[in-house]
Every structure is written in structure tokens, then in C-alpha cells.
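Below you'll find the structure, written out as C-alpha cells, and then a few comments.
Since the structure is predicted, the reported quantities are computational estimates derived from the model, not experimental observations. Chain naming here is simple, since letters A, B, ... match the order of the sequence lines and numbering starts at 1 in each.
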Amino acid sequence: MKTAITPTREENFSEWYQNLITAADLAENSPVRGCMTIKPYGWAIWELMRDEMDKRIKANGVLNANFPLLIPIDFFNKEAEHVAGFAKECAVVTHHRLKMIDGKLQPDPDAELTEPYVIRPTSETIIGEAMSRWVQSYRDLPLKLNQWVNVMRWEMRPRLFLRTAEFNWQEGHNVFATHEESNADARKMHKMYAEYMANVLAIPVIMGEKTPEERFAGADHTYTVEQIMQDGKALQAGTSHDLGQHFAKSFGIQYLGTDGKLTHAWTTSWGTSTRMMGGLFMTHSDDDGLVLPPAVAPYQIVVIPITRDENVDALNKFANEIGEQLRSIGIRVLVDDSDARAPDKMWKWIKRGVPLRVEIGSREMEEKTLTVTRRDLGKSSKTTLSIDEFMASAQKMLNTIQHDMLVAVEERNKKMITDIKDLAELESALESGKIGFFRIKYDLTTNDEFDGLIEKYKISRRCLDEKDPTYVFVAKSY
RNA sequence: CGGGGCAUAGCUCAGUCUGGUAGAGCGCUACGUUCGGGACGUAGAGGUCGCAGGUUCGAAUCUUGUUGCCCCGACCA
């Protein structure tokens, strides 16, 4: 059986993943170390993902803003834990001018900044500074901000979408008058992420709080959504932090309460990034390429005219009419009337994961029918139906695909989670090559013996079980 | 930043050991025959062999240095 992507997932998962990205024309490595170029088809997916997320953010009363890319180095000194977390991976801007020296452009030694800037790895500090000025009274609270920006973390080992030096994300930053409110907010955004991933990306997630060892630098509580990839590894797809008063105290975010007293506020921050795209691709795709849920597919339907010399114009015209009809009922459609051979067009759009493929040949044109194939189910789902029937049911078919993809991953995930009673059982499972998440009592994992297993099997604590926080999920991760 | 590997056509790679005019497959272009889940033939286009030095009559090949990439670690959304 020939597959469009080689090697297959089973043969070599990480190589399959890289080839998938090339085959689906999503992104490529750039000339800049650790940074990727997201190509138009990949970016179109991101735009759809972003728009869906943005709607949800705004529905929570959050407004978008935009803070500077560069952060004064001094801001990082203000929150000790935070500095420690990020110092190792910061890019720093030290000059403001280039000069031609010995025929080469170089930073001008005479243009060194007295105070270097850090390219933001995240924006808690610079937003904290602004909030300290914007928040004066309890009437200014809550203040809810979000920004869609790029950030930079100098990664040692980049992987397309999963870990790149520069990445795009949304980072939300909210301020509240009380700890009850900030903690409730962190949890609310956490739930929003889980809902989004299930309903938009068709990815069920494991929700829970990070253990103290894995918490965000400078947070009291970190809530995470963890996805399970097809190879059993975990992907941290979004985090929501209850920052307590750490940043409020460091940056002087205070409000005058009704009691006339000045009180430090409570902040949260919450983010999801282009890493989610990696999760999306790794979760749903197969050995023939990408499989996209309709909600984030740039083209939900591709119409392919099966042409021969004598019928090209008529068929292309007919296919475009079908395309127009579908657009008029709100479906994103591409009519591939390019002059490539029909099988080449089919494989091209199979590899790019278009949820529904519509083939039209002379026969269909005469009979007023269409042949429709679902990407998620493959060739066996090929059916022929009348144009009227299809127009009436196309949106429903897309909804069904969206739903079925979520259910399929839920089913797969059930087999990926194993209950473990003690460390001996955990070790023998790992030793036997068992993949996936292992659920074990948290207090069994706070000792040297467990640290040894972390070292030996490259596992980590992903999060506490939301349903019973005395349990923790352990897995290998990206 | 440690350990290993690689750098030759758009892509995957051979050629390097043993120095002698730059190769294959895929992809691309044209034409013909094909045509509903990866067709075939013919003809073409396409590379200062990562970069800089050294050895040599002559370097993709030997040598020194350098840069970048990949894999495995440490770090991480």
C-alpha cells in the first residue's frame, strides 16, 4: 500500500511529522536559526484558529492591545523567580546602528545602548509596568488585556511548530481586586482553552494543575491543557496562570479600595501559541498527509473537475458554478481548475487535509450528481449524490466530520491512559515500551526513586488529575 | 552547551576510500499516448559540489579552519 508520506507514523514518527509539514506546504525552516517560515497555507490555518480563539477571548470581556517587542532589561530584575525562569533563553538588543567596517556591516561600536533591551520572551513585566499606572482605584478593576504577538525564546533544539525560537501567540493578562477572582479567572481561561480545543481543533485534552515542580516561573498556580499525540507523548498546548500578587508587588500594581486602603492587586496570565498547530497536525494526520477539522480548514471543500481534452471548458465552468453555490451557503471552497492531471490534484488536496473532496466528471455533469469523499475516512467513504442533495447536506456533512474526528481521538486516547499503582509497575510499563499517559498517586512521585525514573525514561509530570488532584499524570513530552 | 552524523540540481541521495571535463531517481518544462485513488514514452531546463585557506600540473575527492543543518542529551509554550 503506497502512502503519500514516507516514512509512515509507525516507521519513524518524528520524520513522518517533518515530511508531513513539507508535503502539506505548511512551513519550512528559515535561514534564521531556530525560526520557521510559516507558508501561506499554514498561515491560513493559523488565522482561522486565531479568529476562533479571539472570539472566545472577547466573549470573556477581554480587550486586545499591543505592547512593545523590546523590554528594558531592568524590568526582569524586578521579579526574582521570573528572571530565573527566563534568563537562560533571552535574546538581547545591544546596539541601535550598523556601520560598514572592513567592507562588512557590523554593529557600530559607538552605538551601543547604555541599557540593553530584551526581546520579549513573554510580557508579564512590561504589561505589569503599564498596569501599575493604569490601575488606581477598585473602579479600574477588573482590567483584562490580551495581545496577539510574536515572542522569542532562544531554544537549543527547535522543532517546526512545536518549539521554535520565535513563535506567535496570544498572551492574556488580567488584574483583579481579590485572590478569589484571579484564581477563578485562571480557571475560567483554562476551561475556555479545553472547550476551544475540543470544539474547534477536535482535540480532547487532559486538564489539570501543574505540580509545584512544573509551575510557571512566578506563578502561584499553573493550569494546563495537555494533548496526547499519536505516539503517546504529551504536548502542553495552553497554560493559564494565577500569578497571585507576585507581579503586583514587583511592579506596584495597587488600587484604592472602598475602605480607603491601598491594596496590591491579583493578576493572571494565560497563553496559547502556534505550538497548537503542531498538536493539530500530529493529532489528526495520517500516512497520506494532513487531516484538518472543518472548523480550521482554509478550504472545507475542494472541487476537482475530472477533465479530458474535449470537456475541459464545460467542466471547469460547471465546477465553478458548484463552487459558487457552496460559497453562497457559507462554505470555504476551492475549485481546482488548474491544468494538472486529476490524480495529481487529488493527492495534492489529500496531503493538505481538505475535509471533503468533490469530484465532477462528464458523467456527473450530465446526471447532475457529484462524487464526494471524506478525508478523515478515505476512499471507502466515496459516495455519489445529486447536486440538490449535496447542497442541502454539505454543511451537515462538515459538522459530522468535525464531530467524528473528536470522537475518534477520544477513543484513541482511552487506550493511551494507564492507571499505575506504584513505581515498580510504572517502571515495568516504561521498560516494556508502553506509550502514553500514566496516572499515579502524586505523593509516590516526590522522591529520589521517581527522579531516577525521570532521568532514565525521559518522563515528566504533566499535571494533577482535575478530578482527583491526589493523582498525577506522567508521560514523555514534546 | 556536551556526544555523534551530514553538507553535491527544487527534493532524496550516489560519486570521496583509490584526485583526471558533474551523476541518478523524483520533481519541473514541452510534445504525444493516457485519464474517476499516485500512468507511460521522447526531448529539455537546472549545480562556481556550504564557505575560506593549503597540497597538487590538476581537488566534489586529500588537508586545515570555519559556518550551517540533523539526531541523541541538558533547557523549554
Between B:U12 and B:C69, how far apart are the P atoms? Round to whole Å, please.
-> 15 Å
Expressed in angstrom and rounded to an integer, what is the separation of A:Glu214 atom CD from B:C76 atom P?
-> 8 Å
Do you see a donor-acceptor pair shorter than 3.5 Å between the side chains of A:Thr371 and A:Thr384?
-> yes
Using the C1' atom in both, what is the distance from B:A45 to B:G27, to the nearest Å?
-> 13 Å
A:Arg357/A:Glu359 ion pair, N-O < 4.0 Å = yes
Rounding to the closest angstrom, what is the interatomic distance between B:G23 and B:G47 at atom P?
-> 14 Å
Answer with base, sugar-phosphate or nothing: what part of the nucleic acid does A:Phe216 contact at a heavy-atom distance below 4.0 Å?
-> nothing
Write down the distance separating the C1' atoms in B:U66 and B:C6, rounded off to the nearest Å.
-> 16 Å
Protein-nucleotide distance (A:Glu455, atom CD; B:G73, atom C1'), rounded to Å | 9 Å
Who are the salt bridge (charged side-chain N to carboxylate O under 4.0 Å, His left out) partners of A:Glu129, not counting sequence neighbours?
-> A:Arg133
Whole-angstrom distance between B:U63 and B:U55, as gauged at atom P = 16 Å
Give the rounded distance in Å between these two atoms: CG of A:Leu235 and C1' of B:A77.
-> 9 Å
Qualifying residues under ring pair (Phe, Tyr, Trp, His ring centres under 6.0 Å), relative to A:Phe13, sequence neighbours excluded = A:Trp16
Of all residues at least two apart in sequence or in a different chain, which pass the salt bridge (charged side-chain N to carboxylate O under 4.0 Å, His left out) check with A:Asp25?
-> A:Lys39, A:Arg352
Pair A:Arg120-A:Asn150, side-chain donor/acceptor within less than 3.5 Å = yes
Taking the same atom, C1', in B:U18 and in B:A59, what whole-Å distance lies between them?
-> 14 Å
Provide the distance between the two P atoms, one in B:C28 and one in B:C62, to the nearest whole Å.
-> 35 Å
Measure from CZ on A:Arg157 to P on B:C75 and round the result to the nearest Å.
-> 12 Å
Not counting sequence neighbours, which residues clear side chain to side chain donor-acceptor pair (under 3.5 Å) with A:His221? List them please.
-> A:Glu209
Sorted by chain and number, sequence neighbours left out, ring pair (Phe, Tyr, Trp, His ring centres under 6.0 Å) with A:Trp169 holds for A:Phe167
When we call it a touch if two heavy atoms are under 4.0 Å apart, what does A:Ser273 touch: a base, just sugar-phosphate, or nothing?
-> base
Tell me, for nucleotides 35-40 of chain B in 5' to 3' order, what letter each nucleotide earns: B for a base near a protein heavy atom under 4.0 Å, S for only sugar-phosphate near one, - for neither?
-> -BBBB-
Could you give the CZ-to-P distance, from A:Arg120 to B:A77, as a whole number of Å?
-> 18 Å
Take the protein atom CG of A:Asp451 and the nucleotide atom P of B:A74, then report the distance between them rounded to whole Å.
-> 13 Å
Given atom CG of A:Asn19 and atom P of B:U12, what is their separation to the nearest angstrom?
-> 9 Å
Sticking with atom C1', work out how far B:G15 lies from B:G25, rounded to a whole angstrom.
-> 15 Å
Which of parallel (below 30°), tilted (30 to 60°) and perpendicular (above 60°) describes A:Phe76 and A:His82?
-> parallel
Of A:Ser14 and A:Phe86, whose closest RNA chain B nucleotide lies nearer the 5' terminus?
-> A:Ser14
List every contact pair, protein side and nucleotides 68-70 of chain B side both N or O, where the distance is under 3.5 Å.
residue	atom	partner	partner atom	Å
B:C69	OP2	A:Arg33	NH1	3.1

Please name all residues satisfying salt bridge (charged side-chain N to carboxylate O under 4.0 Å, His left out) with A:Asp376, sequence neighbours left out, ordered by chain then number.
-> A:Arg374
For A:Thr164, answer base if it contacts any base atom (sugar-phosphate contacts may also be present), sugar-phosphate if it contacts only those atoms, and nothing otherwise; contact means non-hydrogen atoms under 4.0 Å.
-> base
With sequence neighbours left out, which residue pairs that include part of residues 183-207 of chain A fulfil the ring-ring contact (aromatic ring centres under 6.0 Å, His included) condition?
-> A:His190-A:Tyr223
So does A:Arg153 reach the base of B:C76 with its side chain, donor to acceptor, closer than 3.5 Å?
-> no
Taking only residues two or more places apart in sequence or in another chain, which ones pass side chain to side chain donor-acceptor pair (under 3.5 Å) with A:Tyr457?
-> A:Glu427, A:Glu431
Quick one: A:Arg215 CZ to B:C76 P, roughly how many Å, whole number?
-> 15 Å
Those residues that, when tested against A:Glu321, pass side chain to side chain donor-acceptor pair (under 3.5 Å) (two or more places apart) = A:Lys317
Should stems be defined as at least three consecutive Watson-Crick or G-U pairs with both distances under 3.5 angstrom, which of them involve RNA chain B?
-> B:1-7 with B:67-73, B:10-13 with B:23-26, B:28-33 with B:39-44, B:50-54 with B:62-66
